[in-house]
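Structure record follows, encoded as structure tokens.
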Amino acid sequence: MLRIAHRLDLQLRAAMDRAFPEQAAAARQASQPLDPQLAPASKPEFGDFQANGALALAKPLKQAPRQIATAIVAQLQADPAFTDLCLEPQIAGPGFINLTVRPERLAAEVSARLGDQRLGVPAVEQAAPVVVDFSSPNIAKEMHVGHLRSTIIGDSLARVLEFRGHPVLRLNHVGDWGTQFGMLITHLKQVAPDALDTADAVDLGDLVAFYREAKKRFDDDEAFQTTSREEVVKLQGGDPVSLKAWGLLCDQSRREFQKIYDRLDIRLNERGESFYNPFLPAVIDGLKDAELLVTDDGAQCVFLEGVQGKDGKPLPVIVQKSDGGFNYATTDLAAIRYRFGAAPDGDDARRVIYVTDAGQANHFAGVFQVAQRAGWIPEGARLEHVPFGLVQGEDGKKLKTRAGDTVRLRDLLDEAVERAETDLRSRLNEEERSESEEFIQHVAGTVGLAAVKYADLSQNRITNYQFSFDRMLALQGNTAPYLLYAVVRIAGIARKGGDLEVLTGQLQFSEPQEWALVRELLKFDAVIAEVEEELLPNRLCSYLFELSQVFNRFYDQVPVLKADAEALPSRLALCRLTADTLKSGLGLLGIPTLDRM
RNA sequence: GGGGCUGUAGCUCAGCCGGAUAGAGCGACGGUUUCCUAAACCGUAGGUCGUGGGUUCGAGUCCCGCCAGCCCCGCCA
């Protein structure tokens with residue numbers, strides 16, 4: 001309906017110009033043209049759209065809002081293009097103008113979407129690269145629940161942007177550099193030197209244990225700390241022994257990460273922190289040239305504007321430590337320059353999106369400010385932190401295992417699939433259905449992972465997220481199983497003889513449930529546009545849930561296969577477009593669908 | 001101390017550029033199956049939108065104060 005909304009907006013503006021020529025001209029001169037405030041109708045009984053602009057004009061025009069609305073409507077009715085599109089507008093309440101699109105126009109919109117891969121979503125015209133930076137686990141650690149949201153949300157946002165036609169660079173900014181490596185390598189040199197020059201000498205689980213030990217020593221032992229720092233400097237200086245050890249550790253971790261990504265069907269290009277190593281000195285030079293750099297306590301800093309620390313002094317972003325080493329702020333700045341920079345040493349991006357937890361908001365705000373002041377953000381480019389809240393257990397505290405450890409992502413996914421399998425088996429039992437082992441594994445795997453993804457995505461990402469297997473796997477409510485079931489129902493119609501591919505001429509609808517479904521289906525383009533702009537996947541989830549509800553109502557109350565000969569093709573067309581929209585929408589959430597479950 | 005986020009029904013949460021009587025789901029209670037998968041559908045009950053001011057024709061939404069919870073605050077990422 002975006003095209004129709006756009007057309008209506010223009011028609012409304014023209015009508016306002018004709019109704020109030022002097023005020024319209026004056027408003028345009030003040031570069032605040034009269035706004036019809038066109039919005040989707042807040043309730044179905046108000047039609048398809050509402051224009052609230054008359055209310056705002058009451059004061060400047062010194063007229064009653066309903067009188068203003070009447071004048072605008074009179075002008076609209078004089079416009080043949082408008083009367084061709086809409087029924088007679090209704091003025092309601094204090095002065096709302098309610099607009100209802102002609103049924104035949106809605107039916108024509110549905111027709112146009114049948115068989116359209118894009119489902120009415122326009123492709124972007126100017127396609128500049130978009131960077132989505134997400135997931136970002138640390139080398140030598142296992143992926144855990146802390147990586148869940150970034151990975152799932154980032155992937156979904158990338159999919160939506162790709163669907164709109166943007167060239168998307170999915171970057172995995174893995175933690176493969178810095179102090180942590182100094183600690184690990186120093187520790188391994190002492191306790192497991194094999195791991196540093198032989199591939200797979202220890203497995204990843206051991207490596208994680210070594211890492212934990214190293215971290216403990218680092219925190220407790222000053223001498224170890226110093227050696228570790230020296231090790232980092234060696235690594236950053238390109239010492240061959242350190243580099244080889246580092247390479248082996250990275251390979252090993254990378255393979256483990258890939259297993260998770262394969263399982264979740266997530267595509268990512270690894271470009272870790274180390275990638276930006278050669279560009280770090282230029283960051284310092286650049287900041288020096290921009291006269292932003294200040295030496296403080298031996299460290300190179302940029303002091304932030306508008307952000308005060310404990311003592312009321314401006315807060316610094318440290319870009320070079322007193323020992324000469326660089327840190328994450330330096331890397332992030334180098335990454336910003338690279339991503340906005342021109343090829344070959346740059347990505348030429350116009351939008352860069354970071355999907356990381358909300359706890360890093362201060363860090364990014366600081367880094368973005370420095371980049372801005374250094375002039376590294378091109379005119380019109382967008383640099384956005386997409387924050388999300390913590391994953392909490394049902395007790396409202398940070399999610400932990402019963403033993404109090406961090407939950408491994410692998411275990412979390414396993415449990416979701418296991419629970420889905422248990423549910424499925426007991427259901428099959430109850431219904432006295434018999435299915436192959438292959439069917440059970442496939443359905444349980446799909447439903448389990450879909451549930452994990454959907455539960456996360458369906459929540460506004462800003463707030464903390466309460467993780468609950470029971471809720472996400474529930475068969476009713478705003479859950480993946482409920483949505484998947486709607487798709488299964490349509491597949492059932494196709495199996496039972498409904499030819500969804502049949503092409504019909506004129507679509508015709510008679511039942512309110514059909515019209516409700518038509519109107520819901522036509523909202524898809526606006527929802528995608530909104531997610532692209534706001535980067536909130538939960539908006540897409542809400543839409544798909546509502547679409548499923550409207551479809552289930554239709555399915556329950558209106559016969560499809562047993563419909564009259566005249567109604568049948570149109571109803572099959574609705575089923576087809578619903579299935580396509582649900583599959584496409586779920587696909588943008590990274591969730592595959594099933595024909596039977 | 002400074003900064004950020006959050007506070008909406010018993011629970012988990014939506015709420016779009018400020019717009020009409022604040023919405024879902026779960027849970028509770030009641031109903032629906034000779035018919036395309038009842039994993040569904042229909043209905044009932046449930047609200048001082050943390051709180052006090054302000055702006056506005058109109059505030060859950062914007063501004064200011066306060067309260068509560070979570071997170072961050074110099075050489076980890």
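Lettering of chains follows the sequences in order, A, B, ..., and the numbering in each one begins at 1.
As judged by a 4.0 angstrom heavy-atom cut-off over every strand, A/N538 is placed among residues touching the sugar-phosphate backbone only. As judged by a 4.0 angstrom heavy-atom cut-off over every strand, A/G175 is placed among residues making no nucleic acid contact.
Scanning atom types as modelled, one donor and one acceptor separated by under 3.5 angstrom connect the side chain of A/N98 and the base of B/A20. Within 3.5 Å, a donor on the side chain of A/S42 pairs with an acceptor on the base of B/A20, or the reverse. Taking 3.5 Å as the limit, the base of B/A77 and the side chain of A/Q180 contain no donor-acceptor pair of atoms between them. At a cut-off of 3.5 angstrom, counting only N and O atoms as typed in the model, there is a donor on one side and an acceptor on the other between the side-chain of A/N362 and the base of B/C72.
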Item to check | Intra- and inter-strand pairs of RNA chain B in dot-bracket (Watson-Crick or G-U wobble, both distances under 3.5 Å; | for another strand) | outcome: (((((((..((((.....[...)))).(((((.......))))).....(((((..]....))))))))))))....
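Nucleotides B/G27 and B/G65 place their P atoms 43 Å apart, quoted to the nearest Å. Rounded to the nearest Å, the gap between the C1' atom of B/C62 and that of B/C70 is 25 Å. Rounded to a whole angstrom, the distance from the P atom of B/U55 to that of B/U12 is 36 Å.
Here B/C26 presents its P atom at 16 Å from CD of A/Q459, a figure rounded to the nearest Å. Distance A/H385 NE2 to B/G4 C1': 11 Å, rounded to the nearest Å. Spacing between atom CG of A/L475 and atom P of B/C41 amounts to 12 Å, rounded to whole angstrom units. Across the protein-nucleic acid pair, A/N552 atom CG and B/G25 atom C1' stand 14 Å apart, rounded to whole Å. A straight line from CG of A/N478 to P of B/G27 spans 14 Å, rounded to a whole angstrom. Straight-line distance from the CD atom of A/Q360 to the C1' atom of B/G3: 16 Å, rounded to whole Å. If you measure from atom CZ of A/R539 to atom C1' of B/A14, you get 9 Å, rounded to the nearest angstrom. Across the protein-nucleic acid pair, A/N464 atom CG and B/C71 atom P stand 9 Å apart, rounded to whole Å.
Between A/Y482 and B/C41 there is a side-chain polar atom (N or O) within less than 4.0 angstrom of OP1 or OP2. Listed pair A/R471 / B/C13 fails the phosphate criterion, with no side-chain N or O lying under 4.0 Å from OP1 or OP2. At B/G58, none of the side-chain N or O atoms of A/K59 fall inside 4.0 Å of OP1 or OP2 (strictly under the cut-off). A close approach under 4.0 Å does occur between a side-chain nitrogen or oxygen of A/Q549 and OP1 or OP2 of B/G25. Contact between the side-chain N/O atoms of A/R571 and the OP1/OP2 oxygens of B/C36 is not found at any separation under 4.0 Å. Listed pair A/Q476 / B/A40 meets the phosphate criterion, a side-chain N or O lying under 4.0 Å from OP1 or OP2.
Base orientation for B/C17: syn, the chi torsion being within 90° of 0.
With A/N138 contributing its side chain and A/K141 its backbone, the two residues share no donor-acceptor pair below 3.5 Å. Between the A/R149 side chain and the A/G389 main chain, a donor and an acceptor come within less than 3.5 Å of each other.
With salt bridges taken as basic N to acidic carboxylate O contacts below 4.0 Å, one links A/R596 and A/E435. Using a 4.0 Å cut-off between charged nitrogen and carboxylate oxygen, A/D423 and A/R427 do not count as a salt-bridge pair. A salt bridge links A/R419 with A/D470: the closest approach of a Lys/Arg side-chain nitrogen to an acidic carboxylate oxygen falls below 4.0 angstrom.
Using a 3.5 Å distance cut-off with no hydrogens or angles, the side chains of A/Q549 and A/N552 do not pair a donor with an acceptor. A donor-acceptor contact closer than 3.5 angstrom links the side chains of A/T330 and A/N327. Remark: the A/Y276 side chain and the A/D332 side chain contain no N/O donor-acceptor pair separated by less than 3.5 Å.
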Checklist entry - Between A/F49 and A/M1, is a side chain to side chain contact (heavy atoms under 4.5 Å, CB included) present by the stated rule, with each step listed? => result CA-CA 10 Å; A/F49 295 98; A/M1 293 270 259; 4.0 Å; yes
